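Here the structure is laid out as structure tokens; the discussion comes afterwards.
Below, read A as the first sequence line, B as the second, and so on, with proteins coming before strands; counting in each chain starts at 1. For clarity, every value in this text was computed on a predicted model and none was experimentally measured.
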Amino acid sequence: MIEAIGLTKRYGRTVAVDDLSFTVQPGRVTGFLGPNGAGKSTTMRMILGLDRPTAGRVLIDGKPYTELSRPLRTVGALLDAKWVHPNRSARAHLRWLAKSNGLPNNRVDAVLEAVGLTGVAGKNAGGFSLGMSQRLGIAAALLGDPKVLLFDEPVNGLDPEGILWIRTFMQNLAAEGRTVLVSSHLLSEMALTASELVVIGKGKLITQSTTQEFIDRSTGNSVLVRSPQLFKLGPLLVDKGFTVRDGADGSFSVSGATSDQIGDIAAANGVVLHELSPQRGSLEEAFMQLTGDAVEYHAEIGK
Amino acid sequence: MTLLAVERIKLFSTRSPYWCSALAIVMGIGLTAIFAAATDGPVPLGLTQIGSSQLAIAVVLVMAAIAVTTEYRFNTIRSTFLAVPNRTSALVAKTVVVAFIAGLLGEIIAFGSWGVAKVISPSSDLAINTSAEWRHVAGVGLVYAIGAVIAVAIGILVRQTAGAVAILLVWQMLAESLIGIIPKAGVKIQAWLPFINANHFLSMGSDSPEMGGTGVDFKLSEWGSLGYFAGVAVALLVVALVVAKRRDA
Ligand SMILES: Nc1ncnc2c1ncn2[C@@H]1O[C@H](COP(=O)(O)OP(=O)(O)OP(=O)(O)O)[C@@H](O)[C@H]1O
Ligand SMILES: [Mg+2]
């Protein structure tokens, strides 16, 4: 479990993270969501003891990172796949990491196998493609078979196959009961990967909830209804307390009701339905709306 | 012990230490070979260590600084601190490994230079008998090891290769000897400059002025000078460790 309490980080006059508190539970993938410059990477560096918080603290299973002995056995992290020496082989990179935490050399082979880099283990990491670098970073994170895993924008710049691989990989790690925190600035990506979300903007917590809850809340579900008997169905729905708006082509947009409820009401009153489809607003739009005041860099479109 | 092994793996799994070592050996021994070949008559012992103590040392200092600055350049220092959150132990381990290798190189270059002079000029009396003569040759390794500690400390403080290398080269090769130009005060200041003291340690007494110390009124004995040199190195390292511990990685 990861627990942040009043975490704050100032760089000169920039407040990168502002009184941030949240918890990350084991057994599921938690998404760490926020627009560019929101403070995700800064928060992760503080979790890992690389940056010193200006105020507040963050605990991993009740201890600060810097007090863990052999920390790679407890926490695995991929903050930046480029944190390797370009002229050092992948295997040598993992070997010194393993040695530093008293891990046997067969762990190196095991994680290379797990990420599919066995064939290029002797090659210098500087020659790796982004996808291969990312895999090497994940191998390093898995080295100590840790209970807690942190990934900072792991799918950035990857092709669809690489994205799918990482997504499945993280979900499998969580299914094994590990704590997995993964950051992203794309809600659509998080919707597919994470079951829990910690959403931040301008360094402040916006919300922590399940992904489903967050999406439902921020997109406002509505159901599109087409029927030759709308004049009959409309008042029935209004009576039930649902909001009914006229849509295009003589259709209705009903909000506050599920498609099941509307279908039941139509059947009970002998109303013919031609279409009954749940609508979902764009996740990205909803996210932008929610974090609208909390975006660090506004694009000045059309100015 | 584990941390020493870690730093050893890190250092020897990249190419630059091999290149720097080879360069230092070639330059140090090469210069002696040139001197010995160009000398008419017998080659004095004091001539054999000019290459090691004046030229090759610069390459070794650069190697030591690079061992740290590349970690900052490629951000592997962050991977290091993730694996070993106790930054002081991680950096001390690195310093020990680098200093040990520098010391070893110093001995190889010093005795290599001595050997090459003997081969080129077999008739010269190059026997190492007195303690001053031993200090003059075998002491080179000690000077390299302590110099490496200074270089590592500068590397930690500056965090980038160009800056650290510039500081070290200007300091070791230029600044300290230039201060001697200042009338009167110059030599008094020089008596307390670290690399001048290192050269004082290597010198074979007042009768052989070829090894630094010319006209400088040292307040310390040769071994005292070495202790002073080491003290400066340790003080710099402590400052560097405190800074590294406090700042964001
Ligand atoms: N070392 C630093 N020195 C000064 N300012 C910094 C530093 N690191 C981060 N910042 C600032 O802190 C803020 C948060 O940055 P951070 O990198 O944590 O955001 P992020 O959420 O990871 O963004 P992105 O999605 O672009 O990766 C930004 O305004 C950034 O400019
Ligand atoms: Mg970031």
Cross-chain donor-acceptor list, chain B x chain A, under 3.5 angstrom:
from: B/Lys10; atom 1: O; to: A/Arg88; atom 2: NH2; distance (Å): 2.8
from: B/Ser13; atom 1: OG; to: A/Arg88; atom 2: NE; distance (Å): 2.8
from: B/Ser79; atom 1: OG; to: A/Trp83; atom 2: O; distance (Å): 3.3
from: B/Leu82; atom 1: O; to: A/Tyr65; atom 2: OH; distance (Å): 2.5
from: B/Ala83; atom 1: O; to: A/Asn101; atom 2: ND2; distance (Å): 3.0
from: B/Arg87; atom 1: NH2; to: A/Gly49; atom 2: O; distance (Å): 3.1
from: B/Arg87; atom 1: NH2; to: A/Leu50; atom 2: O; distance (Å): 2.9
from: B/Lys245; atom 1: O; to: A/Arg52; atom 2: NH2; distance (Å): 3.1
from: B/Arg246; atom 1: O; to: A/Arg52; atom 2: NE; distance (Å): 3.2
from: B/Asp248; atom 1: OD1; to: A/Lys9; atom 2: NZ; distance (Å): 3.3
from: B/Asp248; atom 1: OD1; to: A/Arg52; atom 2: N; distance (Å): 2.9
from: B/Asp248; atom 1: OD2; to: A/Lys9; atom 2: NZ; distance (Å): 2.9
from: B/Ala249; atom 1: N; to: A/Leu50; atom 2: O; distance (Å): 2.9

Rounded to the nearest 0.5 Å, how far does CG of A/Leu68 lie from CG of B/Leu82? 11.0 Å

Highest number of heavy-atom pairs under 4.5 Å with chain B among A/Ala92, A/Pro86, A/Ala140 belongs to A/Pro86

Test side-chain contact (heavy atoms from CB on, under 4.5 Å) applied to A/Val84 and B/Phe74, step by step: CA-CA 6 Å; A/Val84 290; B/Phe74 298 120; over 6 Å; no

